[in-house]
Amino acid sequence: MGETSRRVTLKEQSEEGRVVAVACRVEISRSVLVLTVTMSHGRRLPQGSCLSGELFRFVVNRVVLWEITRFPAYCLIMDYTVSMFLNTLTPKFYVALTGTSSLISGLILIFEWWYFRKYGTSFIEQVSVSHLRPLLGGVDNNSSNNSNSSNGDSDSNRQSVSECKVWRNPLNLFRGAEYNRYTWVTGREPLTYYDMNLSAQDHQTFFTCDSDHLRPADAIMQKAWRERNPQARISAAHEALEINECATAYILLAEEEATTIAEAEKLFKQALKAGDGCYRRSQQLQHHGSQYEAQHRRDTNVLVYIKRRLAMCARRLGRTREAVKMMRDLMKEFPLLSMFNIHENLLEALLELQAYADVQAVLAKYDDISLPKSATICYTAALLKARAVSDKFSPEAASRRGLSTAEMNAVEAIHRAVEFNPHVPKYLLEMKSLILPPEHILKRGDSEAIAYAFFHLAHWKRVEGALNLLHCTWEGTFRMIPYPLEKGHLFYPYPICTETADRELLPSFHEVSVYPKKELPFFILFTAGLCSFTAMLALLTHQFPELMGVFAKAFLSTLFAPLNFVMEKVESILPSSLWHQLTRI
């Protein structure tokens, strides 16, 4: 395609009445457009002079029409250039191109997978939503709803704090007699540093007060509860006992030094004798000042803790009725100390005795809408309702005749329990392996599910057909709450903080249960497919360069075929004398 030139001549009446002929020459090359305007007598217009508006518009229109008519020529030139470029490429270029693409997409895939495993979201999606969406005119839902949700912010914040609060496990094991024995046998640590640190804080809260420095034994124990080394704590407890009978020193030895439940029970009985005396003395002096009141509160916590652990020792040693009596007496003596959740210990012991009427009576008192729920409360209520129908329940018969009223109540109770804690069924149905429960749990989390199933799995197995009913109905809960993080059915939306807290509470060798199950982000799947595809292309191009070159040319020819077809149609439709017809207008 060489240079093309076209000359246009026209006349205009000047202000003085003279006719001036103006020649416009349009020269078009591949990359340059030259417009030359001259007078009829051969002199160019002087610099600074200008044509009239009509003449200038005429010239511009002619140039635009010329460009429109020659557009197919430009496309043919571009197509020819691209074809020449592709013909000069060697197979090594294709190998390098596909190999580099595979490497880059592989690095992106590795980074996306690491980011997703650590933070639970895609880095590319997060950047797109956080930075690109506002630039493209997207509206952030959080900012758009600020005015509407200002009144509910405080309520939602309080709810998220209460849902994500870590609680002391009411059924926690003994460190020396149970947790340490597991470590000696398996070589694994069942407790995390975060969990033990929370226990240390609990001990300092329950077993110390501001006036401990006035009593040498209590001052030693105040430092012992802050020690990280277990042997240092045990040595400090023995040192405190050499001074006098210290109840908290006996507690520490029973929890950490005793290697059997029987030894722990013996030490707790000694602690009870010392703690009961301190409690009676401080009870008489509690109204003499704030210092005595704080001491009495500390002595009350120590006495309640000792009695509760003694009841748990009796339960471990098979004296279940004695344990039930001790728990009932403790709840009557200290009805306001609900922070220890002694009723959950009582429910487990009553289930062991199969005293289901007594279990129902306890649930009637604590399964109240105004009281905080737990997996023990919800799943025990579901077990009692399932017990009434599970022995005769058949999914085939239920599908034919429908559910009866009692069966419907049992299914609704199971759905309620699963909505509160969706992690429990997999442990009860033994779809996931159990580990030792931690000393602290997160309500509605995996840690609470482990703590519940560890002690209550035997009770579910004892009720004939209960696990079968659970197996047939528990997954139906998720159809009622398709978006559990946004809206719940009977409870608040499921908290999003459970996974992070459970990873801190549970040991690293345990696979934390995540709800709702997170699907792989689109960009991880996309980069994985892109990496695999480009790596395969690089390998094939390296092994079969000529064949892959033919395929590449055929692919590009097929890709540009629609464009070539359109250009041919345009050239065939436009007549060759179009320019002359346009100049006559």
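Since this is a predicted model, take the numbers as computed values, not measurements. Throughout, residue positions are numbered sequentially from 1 according to the sequence presented.
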Q) Side chains of Leu272 and Leu303: does their closest heavy-atom pair fall under 4.5 Å? A) yes

Q | Set of residues satisfying ring-ring contact (aromatic ring centres under 6.0 Å, His included) with respect to Phe268, sequence neighbours excluded | A | none

Q. Between OG1 of Thr376 and CG of Asn341, what distance do you get to the nearest 0.5 Å?
A. 8.5 Å

Q) More than 12 non-hydrogen atoms from neighbouring residues, nucleotides or ligands closer than 6.0 Å to CD on Glu511, yes or no? A) no

Q) Once you round to the nearest 0.5 Å, how far does CG of Leu351 lie from CG of Leu383? A) 6.5 Å

Q | Positive for side chain to side chain contact (heavy atoms under 4.5 Å, CB included) with Glu352, one of Val324, Leu347, Thr320 | A | Thr320

Q | Thr259 vs Asn180, side chain to side chain contact (heavy atoms under 4.5 Å, CB included): CA-CA, chis, key distance, verdict | A | CA-CA 8 Å; Thr259 57; Asn180 287 347; over 6 Å; no

(Q) Would Trp474 and Lys426 count as a side chain to side chain contact (heavy atoms under 4.5 Å, CB included) here? Give the steps. (A) CA-CA 10 Å; Trp474 74 281; Lys426 288 187 177 181; 4.2 Å; yes

Q. Looking only at atom types and distance, does a side-chain atom of Glu448 sit under 3.5 Å from a main-chain N or O of Ala375, one as donor and one as acceptor?
A. yes

Q: Pick out which of Arg309, Arg233, Arg175 makes a salt bridge (Lys or Arg N to Asp or Glu O under 4.0 Å) with Glu255.
A: Arg309

Q) How are the rings of His203 and Phe207 set to each other: parallel, tilted or perpendicular (split at 30° and 60°)? A) parallel

Q) Does atom CZ of Arg280 have more than 12 heavy-atom neighbours, drawn from other residues, nucleotides or ligands, at distances under 6.0 Å? A) no

Q: Report the distance from atom NZ of Lys266 to atom OH of Tyr250, rounding to the nearest 0.5 Å.
A: 10.5 Å

Q: Determine yes or no for a side-chain-to-main-chain donor-acceptor pair under 3.5 angstrom, with His415 supplying the side chain and Thr473 the backbone.
A: yes

Q) Is there a donor-acceptor contact under 3.5 Å from the side chain of Tyr279 to the main chain of Val302? A) no

**Q.** Mutual orientation of the aromatic rings belonging to Phe478 and Tyr515 [parallel < 30°, tilted 30-60°, perpendicular > 60°]
**A.** tilted

Q | For the student: nearest non-hydrogen atoms of Tyr494 and Pro422, plus distance | A | CE1-CD, 3.7 Å

Q: Look up atom CE in Met327 and atom CG in Leu350, then write down how far apart they are to the nearest 0.5 Å.
A: 8.5 Å

Q: Compare every heavy atom of Phe334 with every heavy atom of Thr300, then report the nearest pair and how far apart it is.
A: CG2-CE2, 3.7 Å

Q) Closest approach of Ala294 and Cys209, non-hydrogen atoms and distance? A) O-CB, 4.2 Å

Q: For His343 and Ile377, run side chain to side chain contact (heavy atoms under 4.5 Å, CB included): C-alpha distance rounded to whole Å, both residues' side-chain angles, the deciding distance at 0.1 Å, then the answer.
A: CA-CA 10 Å; His343 61 276; Ile377 294 292; 4.1 Å; yes

Q: Evaluate the side-chain proximity of Met312 to Arg308: yes if any heavy-atom separation is below 4.5 Å, no if none is.
A: yes

Q: Of all the heavy-atom pairs spanning Ser374 and Phe420, show the shortest one and how long it is.
A: C-CE2, 3.4 Å

Q.
Using side-chain heavy atoms (C-beta onward) and a distance below 4.5 Å, is Thr208 in contact with Arg298?
A. no

Q) Would you say the side-chain atoms of His459 and Glu348 include a donor-acceptor pair closer than 3.5 Å? A) yes

(Q) Determine whether Arg503 and Glu499 satisfy the following criterion, salt bridge (Lys or Arg N to Asp or Glu O under 4.0 Å), listing intermediate values before the conclusion. (A) CA-CA 6 Å; Arg503 291 189 188 280; Glu499 180 183 357; 2.7 Å; yes

Q: Please say whether more than 12 non-hydrogen atoms of neighbouring residues, nucleotides or ligands are located less than 6.0 Å from CD1 in Ile243.
A: yes

Q. Short question: side chain of Asp446, backbone of Val512 - any donor-acceptor pair under 3.5 Å?
A. no

**Q.** Contact check, side chains of Leu436 and Tyr179, non-hydrogen atoms, under 4.5 Å
**A.** yes

Q) From Leu470 CG over to Glu475 CD, what is the distance, rounded to the nearest 0.5 angstrom? A) 10.0 Å

Q: Indicate the atoms forming the closest heavy-atom contact of Ala258 with Leu267, along with that distance.
A: CB-CD1, 4.2 Å

Q.
Going by the rule salt bridge (Lys or Arg N to Asp or Glu O under 4.0 Å), which residues pair with Arg215 if we only count those two or more places apart in sequence or in a different chain?
A. Asp212, Asp218

(Q) Is any side-chain heavy atom of Leu505 closer than 4.5 Å to one of Ile441? (A) no

Q: Could you tell me the separation between the CG atom of Leu191 and the OH atom of Tyr193, rounded to the nearest 0.5 Å?
A: 13.5 Å

Q.
Please determine whether a side-chain nitrogen of the Lys or Arg among Glu265 and Arg319 lies less than 4.0 Å from a carboxylate oxygen of the Asp or Glu.
A. yes

**Q.** Sub-4.5 Å side-chain heavy-atom contact between Phe509 and Glu189
**A.** no

Q. Can any side-chain N or O of Asp210 pair as donor or acceptor with the backbone N or O of Gln291 at less than 3.5 Å?
A. no

Q.
One pair to check against side chain to side chain contact (heavy atoms under 4.5 Å, CB included): Leu252 and His238. What are the steps and the verdict?
A. CA-CA 10 Å; Leu252 193 148; His238 284 292; over 6 Å; no

Q) Taking NZ, NE, NH1 and NH2 as the nitrogens, is one of them in Lys373 or Glu419 under 4.0 Å from a carboxylate oxygen of the other? A) no

Q | Step-by-step side-chain hydrogen bond (donor to acceptor under 3.5 Å, both in side chains) determination, Ser199 to Arg168 | A | CA-CA 8 Å; Ser199 298; Arg168 181 82 177 177; 3.1 Å; yes

Q.
Tell me if a side-chain donor or acceptor on Lys432 pairs with a main-chain N or O of His423 at a distance below 3.5 Å.
A. no

Q) Is there a side-chain contact between Lys443 and Lys165, using heavy atoms and a 4.5 Å cut-off? A) no

Q: I would like to know whether Glu407 and Arg401 meet salt bridge (Lys or Arg N to Asp or Glu O under 4.0 Å); could you show each step before the answer?
A: CA-CA 12 Å; Glu407 290 174 339; Arg401 58 174 171 79; 3.1 Å; yes

Q. For residues 379-395, which residue pairs qualify under side chain to side chain donor-acceptor pair (under 3.5 Å), counting only residues two or more places apart or in two chains?
A. Ser394-Glu396

Q) With a 4.5 Å heavy-atom cut-off, do His440 and Asp202 have their side chains touching? A) yes

(Q) Please find the pair of heavy atoms, one from Pro438 and one from Ser447, that lie closest to each other, and give the distance. (A) CG-CB, 4.0 Å

